[in-house]
Amino acid sequence: MLSILCAKHLGATGVVATDGDEAVVDAIRTNLFLNGLDVDDTSRIQVRTAALRWGHPIDAATFPEDYGMSVPDVVVGADVTYDKSVIPRLVSTLGEFFYLNPALEALISATIRNEETFETFLNACRRNRFSFEQVDCPPVPEHQQKGPFYPTSTPIQLWRVTRGRYMDDAFSV
Ligand SMILES: C[S@@+](CC[C@H](N)C(=O)[O-])C[C@H]1O[C@@H](n2cnc3c(N)ncnc32)[C@H](O)[C@@H]1O
């Protein structure tokens with residue numbers, strides 16, 4: 001949904017939608033098709049899809065070939081901090097992106113089901129000397145939502161993560 005939003009409404013010039021699970025990538029393709037974004041139509045941008053497994057090195061030399069676009073300016077992640085066990089790999093991949101593009105900004109939307117789990121993500125960002133700040137983005141009360149629709153019973157926070165001024169080329173999780 002985020003990729004569709006970026007392509008259709010936010011003026012992105014290139015979008016690649018990724019997940020580490022091939023079945024999810026297939027589902028993304030179906031959703032792009034249903035939203036008319038899979039076609040190679042020069043009047044609108046095409047959203048590409050790729051399997052991207054966090055924790056694996058990203059090769060700058062083959063990035064355009066692997067992902068169909070140059071290294072992005074913005075990485076957007078929804079509900080990717082849901083489990084402590086995935087956080088080291090997620091943060092490692094953010095570090096890879098900051099290395100490839102030091103000006104890159106990551107926008108991470110976190111559904112806070114468990115505060116300790118989310119704190120693990122912030123601690124890993126801290127250890128890697130990323131800069132991070134919460135973006136003021138209060139939820140729209142459910143009866144006022146016009147779409148996209150989402151429940152407000154579980155808090156959703158938006159965080160901006162950037163390379164940080166003191167980040168070394170080497171990073172740790
Ligand atoms: C809670 S789901 C969120 C999915 C989607 N972003 C959304 O908001 O509906 C978390 C996603 O993280 C993906 N994931 C978990 N570990 C991963 C990894 N190591 N590399 C890439 N994706 C991973 C899972 O496949 C899953 O689709």
Side-chain angles (χ1 to χ4, degrees), residues 1-10 12 14-35 37-38 47-60 62-63 65-69 71-101 104-125 127-128 130 132 134-135 137-140 142 145-161 171-173:
M1 199 189 89
L2 286 176
S3 302
I4 292 166
L5 183 72
C6 290
K8 277 198 167 175
H9 303 291
L10 300 182
V15 179
V16 57
T18 71
D19 194 276
D21 183 327
E22 291 283 357
V24 175
V25 177
D26 279 346
I28 295 172
R29 274 191 211 107
T30 304
N31 278 282
L32 294 176
F33 170 76
L34 293 172
N35 285 276
L37 281 164
D38 66 323
V47 180
R48 294 169 192 280
T49 54
L52 184 148
R53 288 195 66 74
W54 310 328
H56 291 256
I58 300 173
D59 186 344
T62 61
F63 195 95
E65 192 187 319
D66 294 343
Y67 299 102
M69 61 180 280
V71 178
D73 302 311
V74 181
V75 164
V76 185
D79 204 7
V80 286
T81 54
Y82 61 102
D83 184 328
K84 274 186 189 177
S85 70
V86 304
I87 285 170
R89 276 168 283 184
L90 171 67
V91 171
S92 154
T93 290
L94 289 178
E96 292 270 338
F97 274 112
F98 294 142
Y99 180 73
L100 296 179
N101 177 4
L104 184 141
E105 181 175 288
L107 292 169
I108 304 292
S109 158
T111 305
I112 314 289
R113 299 183 189 87
N114 178 320
E115 288 190 15
E116 200 192 320
T117 302
F118 185 63
E119 200 53 41
T120 304
F121 172 68
L122 294 185
N123 284 337
C125 289
R127 275 201 302 282
N128 284 277
F130 299 166
F132 52 89
Q134 189 174 355
V135 179
C137 189
V140 177
E142 285 177 38
Q145 291 178 10
K146 297 195 169 95
F149 301 100
Y150 54 92
T152 53
S153 47
T154 309
I156 298 174
Q157 297 180 359
L158 180 60
W159 286 77
R160 179 183 292 112
V161 185
F171 44 87
S172 70
V173 291

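Counting convention: from 1, in listed order, for ligands and their atoms alike.
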Inset, instruction - Check whether any side-chain heavy atom of Asn101 sits under 4.5 Å from a side-chain heavy atom of Asp73, and report yes or no. - result: yes
Legend entry - Worked verdict on Val140 versus Tyr150 for side-chain contact (heavy atoms from CB on, under 4.5 Å): CA-CA 9 Å; Val140 177; Tyr150 54 92; 3.7 Å; yes
Inset, instruction - State if Leu2 counts as touching ligand 1 under the rule of any non-hydrogen atom under 4.0 Å. - result: no
Inset, instruction - Check Leu52 against ligand 1 and report side chain, backbone, both or neither, counting heavy atoms closer than 4.0 Å. - result: backbone
Inset, instruction - Measure from the ring center of Trp159 to the ring center of Phe130 and say whether it is less than 6.0 Å. - result: no
Legend entry - Identity and separation of the nearest protein heavy atom to atom 16 (N) of ligand 1: Trp54 CZ3, 3.5 Å
Inset, instruction - For atom 5 (C) of ligand 1, find the nearest protein heavy atom and state the residue, atom name and distance (0.1 Å precision). - result: Ala78 O, 3.8 Å
Inset, instruction - Starting at CG of Leu107, measure out to CG of Leu158 and round the result to the nearest 0.5 Å. - result: 5.5 Å
Legend entry - Nearest heavy-atom neighbours spanning Thr154 and Ile112: CG2-O, 3.5 Å
Legend entry - Protein heavy atom at shortest distance from atom 22 (N) of ligand 1: Gly20 N, 3.1 Å
Inset, instruction - Could you say whether the N/O atoms of Val86 and ligand 1 ever approach to under 3.5 Å? - result: no
Inset, instruction - Tell me which protein heavy atom sits closest to atom 2 (S) of ligand 1, plus the residue, atom name and distance to 0.1 Å. - result: Asp79 O, 3.8 Å
Inset, instruction - Specify the protein heavy atom at minimum distance from atom 15 (C) of ligand 1: its residue, its atom name, and the distance to 0.1 Å. - result: Tyr82 OH, 3.1 Å
Inset, instruction - Check whether any side-chain heavy atom of Tyr82 sits under 4.5 Å from a side-chain heavy atom of Thr117, and report yes or no. - result: no
Inset, instruction - Compute the minimum heavy-atom distance from Asp19 to ligand 1 and say whether it is under 4.0 Å. - result: yes
Inset, instruction - Report yes if some heavy atom in the side chain of Val80 is under 4.5 Å from a heavy atom in the side chain of Trp54; otherwise report no. - result: yes
Legend entry - Atom indices of ligand 1 within 4.0 angstrom of Asp21 heavy atoms, with elements: 25 (O)
